[in-house]
Number of protein chains: 2
Amino acid sequence: MTDDAPRPVKTTKTSLAVVRTVRDNDGATLSELADQLEVAKSTIHNHLHTLVEEGFLVREGDTYHVGLQFLPFGEHARDRNPLYAATRRRVYSLSEKSGNEADFIVEENGRAYSLEYAIGESTPRGLSESGPFRAGNRFYMHNCASGKAILASMPEARVREIIGRWGLPATTDETITDEAALFDELEAIRERGYATNNEELIEGYRSIGASITSPDGEVVGAFSIGGPTYRMAVDESTTEEIGQLLVDEIDALETELF
Amino acid sequence: MTDDAPRPVKTTKTSLAVVRTVRDNDGATLSELADQLEVAKSTIHNHLHTLVEEGFLVREGDTYHVGLQFLPFGEHARDRNPLYAATRRRVYSLSEKSGNEADFIVEENGRAYSLEYAIGESTPRGLSESGPFRAGNRFYMHNCASGKAILASMPEARVREIIGRWGLPATTDETITDEAALFDELEAIRERGYATNNEELIEGYRSIGASITSPDGEVVGAFSIGGPTYRMAVDESTTEEIGQLLVDEIDALETELF
DNA sequence: CCGTCTATTCACACATTTCGAACGTAGTCG
DNA sequence: CGACTACGTTCGAAATGTGTGAATAGACGG
């Protein structure tokens with residue numbers, strides 16, 4: 001992560017760091033924040049009060065939590081995506097058909113965001129806390145199936161821009177960290193029609209993703225299906241079957257929309 | 001809205017004002033923001049770059065939009081609510097049974113937030129852009145049915161705290177702006193078991209809400225059903241019918257949970 | 001009742017943000 | 001075709017406002 005803001009606003013960054021830390025800790029006290037962020041308690045104190053006043057944090061006793069004020073902004077950002085409404089039901093459908101987790105991913109600013117996520121039959125988002133996935137989550141592009149599928153459908157210049165901006169950080173031993181290896185992989189994805197992720201994001205998790213492109217050839221998102229390794233067999237036929245499921249769903253979507 | 005932050009962080013407030021303005025305008029350019037917020041363009045410029053770098057804004061050409069980075073925080077805040085998972089399906093159910101809009105509302109920091117919203121049969125959140133409602137929206141407590149239902153179930157001291165903090169701003173001619181009148185209304189709600197909102201929030205919109213309380217008597221949220229005046233008859237029997245629908249659903253919920 | 005946690009307040013000092021003017025770059029109209 | 005306007009961007013200079021650390025206040029438990 002390279003910072004390129006011209007004359008950046010350090011104070012705002014501090015405030016955002018506070019909020020991020022509160023979320024990462026799932027609630028934090030003033031002292032905890034001062035410790036972790038290594039700034040004076042009085043500084044944290046001021047930021048906390050300001051953020052509470054604005055509704056972006058809530059105070060419960062002496063513990064601060066992420067405030068619901070994020071929700072209208074998050075929903076606004078999500079609803080802005082023209083595909084969100086049309087893809088939602090298909091995410092549920094993919095999850096049911098495959099018996100695994102499914103999600104709809106879009107790229108923004110070189111990162112992959114999950115706009116909708118479903119697991120199992122009638123168990124939509126929020127009901128299961130298992131796994132690292134959940135609507136709204138943000139991933140790197142290079143170590144998740146959807147992200148790689150999207151990269152594979154992008155002009156090379158854009159891919160270079162993204163990996164220049166965010167690098168290729170490893171989260172497991174399997175993560176692709178070499179630029180040349182990544183480009184080889186993207187080529188393979190283009191030939192195959194879908195991308196795979198074998199424990200490249202987290203150990204014990206495997207997934208398959210395929211990208212959605214608009215009529216003018218621009219990639220606009222991706223679906224992926226994934227689950228624990230014991231449920232997602234690694235053999236060729238299972239992979240092909242799920243890959244085909246995705247490709248079919250995307251064909252249907254593209255027919256519906258375009 | 002009174003500000004009570006001790007030594008507030010003005011820079012953070014400016015950044016947040018930028019984001020808020022971007023959302024209100026549904027996208028804004030640097031110059032527009034400088035105009036509306038009355039600060040120097042160079043200042044806005046710095047804030048914009050910082051916020052983009054952090055993912056809370058996205059740049060599309062020269063227009064800035066709310067970024068998807070809000071989503072993980074919003075979802076986190078929502079998922080923290082212990083009732084969210086259990087109430088979701090009931091919101092859809094209420095919408096189907098009534099043929100109107102339904103939502104689940106909680107109070108935070110003296111404001112009412114809609115955690116889930118549904119309209120019509122199989123048309124969950126996001127698919128309909130009609131009306132002012134949408135998951136994540138924030139309201140005042142005194143001019144929406146759910147908010148009044150929640151206030152009616154709160155200790156009086158808490159109610160006074162909230163109206164002291166946020167006042168009783170009017171959004172229509174019907175909005176209750178008098179403190180004594182509000183307390184009379186809350187008393188009536190307690191007797192009736194549910195709250196009504198006859199064009200107090202927006203003209204042409206009517207709704208009915210009832211609060212959910214935990215076994216220890218604390219109010220934890222509210223359901224409401226609403227719609228345009230031409231669909232929501234004002235007569236006593238219709239009102240009573242919908243009120244009963246809400247009360248029954250809440251009984252079932254409380255039995256399920258507690 | 002004291003010790004040890006919290007959060008909070010305050011005055012000072014310096015770093016940061018803010019400003020405005022000047023620059024670069026499109027795009028448009030005469 | 002060239003001047004004009006509108007926009008984003010850069011820069012140095014100035015002062016505002018943020019950050020600090022020590023001192024205060026309150027809560028809790030031994």
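Predicted, not measured: the structure shown is a model, and the values here were computed from it.
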Could you tell me the separation between the [atom1] atom of [X] and the [atom2] atom of [N], rounded to a whole number of Å?
{"X": "A/His45", "N": "C/dT8", "atom1": "NE2", "atom2": "P", "value": "4 Å"}
{"X": "A/Leu48", "N": "C/dT6", "atom1": "CG", "atom2": "C1'", "value": "13 Å"}
{"X": "B/Leu30", "N": "C/dG20", "atom1": "CG", "atom2": "P", "value": "15 Å"}
{"X": "A/Glu60", "N": "C/dA7", "atom1": "CD", "atom2": "C1'", "value": "17 Å"}
{"X": "A/Asp62", "N": "D/dG26", "atom1": "CG", "atom2": "C1'", "value": "10 Å"}
{"X": "A/Lys13", "N": "C/dT17", "atom1": "NZ", "atom2": "C1'", "value": "15 Å"}
{"X": "B/Asn46", "N": "D/dT18", "atom1": "CG", "atom2": "C1'", "value": "16 Å"}

Looking only at side-chain N and O atoms, does A/Arg59 come under 4.0 Å of OP1 or OP2 in C/dT6? no
Ignoring backbone atoms, test whether B/His47 places a side-chain nitrogen or oxygen under 4.0 Å from the OP1 or OP2 oxygen of C/dT17. no
Apply side-chain contact (heavy atoms from CB on, under 4.5 Å) to A/Asp24 and list each qualifying residue two or more places apart in sequence or on a separate chain.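 A/Asp24 satisfies side-chain contact (heavy atoms from CB on, under 4.5 Å) with A/Arg20 only.
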Around atom [atom1] of [X], are there more than 12 heavy atoms from other residues, nucleotides or ligands closer than 6.0 Å?
{"X": "B/Glu203", "atom1": "CD", "answer": "no"}
{"X": "B/Glu254", "atom1": "CD", "answer": "yes"}
{"X": "A/Glu60", "atom1": "CD", "answer": "yes"}
{"X": "B/Glu256", "atom1": "CD", "answer": "yes"}

Does B/Tyr113 have B/Arg78 sitting over its ring (NZ/CZ under 6.0 Å from centre, angle to axis within 45°)? no
Matching residue for A/Met141 among A/Ile162, A/Ile163, A/Ile105 - test: side-chain contact (heavy atoms from CB on, under 4.5 Å): A/Ile162
Which pairs, protein N/O on one side and nucleotides 12-16 of chain C N/O on the other, fall under 3.5 Å?
from	atom 1	to	atom 2	distance (Å)
C/dT16	OP1	A/Lys10	NZ	2.5

In terms of relative ring orientation, are [X] and [Y] parallel, tilted or perpendicular, with 30° and 60° separating the classes?
{"X": "B/Phe104", "Y": "B/Phe223", "answer": "tilted"}
{"X": "A/Trp166", "Y": "A/Tyr140", "answer": "perpendicular"}
{"X": "B/Phe56", "Y": "B/Phe70", "answer": "perpendicular"}

Looking only at atom types and distance, does a side-chain atom of B/Asn25 sit under 3.5 Å from a main-chain N or O of B/Gly27, one as donor and one as acceptor?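 Not confirmed, B/Asn25 side chain does not pair with B/Gly27 backbone.
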Establish, from distance only, whether the side-chain atoms of B/Thr29 and B/Asp62 form a donor-acceptor pair under 3.5 Å.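 Checked: B/Thr29/B/Asp62 side chains show no N/O donor-acceptor pair below 3.5 Å.
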Check: B/Thr171/B/Asn143 side-chain N/O donor and acceptor closer than 3.5 Å: yes
State, to the nearest 10°, the angle formed by the axis through the first five base pairs of the helix from C/dC1-D/dG30 to C/dA22-D/dT9 and the axis through its last five.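 One end axis against the other gives 40°.
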Enumerate all atom pairs, one protein N or O and one N or O from nucleotides 23-25 of chain C, separated by less than 3.5 Å.
none

Could you give me the CA-CA distance, side-chain angles and deciding distance for A/Arg165 and B/Glu53, then say whether salt bridge (Lys or Arg N to Asp or Glu O under 4.0 Å) is met? CA-CA 10 Å; A/Arg165 169 83 173 78; B/Glu53 193 189 325; 5.4 Å; no
Tell me which residues in residues 31-44 of chain B lie within less than 4.0 Å of DNA chain D, going by non-hydrogen atoms. B/Ser31, B/Lys41, B/Ser42
Between B/Arg158 and B/Gly110, the two heavy atoms sitting closest are NH2-N, 4.2 Å
Assess the residue pair A/Asp26 and B/His76 against the criterion (side-chain hydrogen bond (donor to acceptor under 3.5 Å, both in side chains)); give the C-alpha distance rounded to whole Å, side-chain angles, the decisive distance to 0.1 Å, and a yes or no. CA-CA 9 Å; A/Asp26 198 54; B/His76 178 88; 3.2 Å; yes
Near DNA chain C, counting only heavy atoms under 4.0 Å, which residues of residues 14-26 of chain B show up?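 Close to the strand are B/Thr14.
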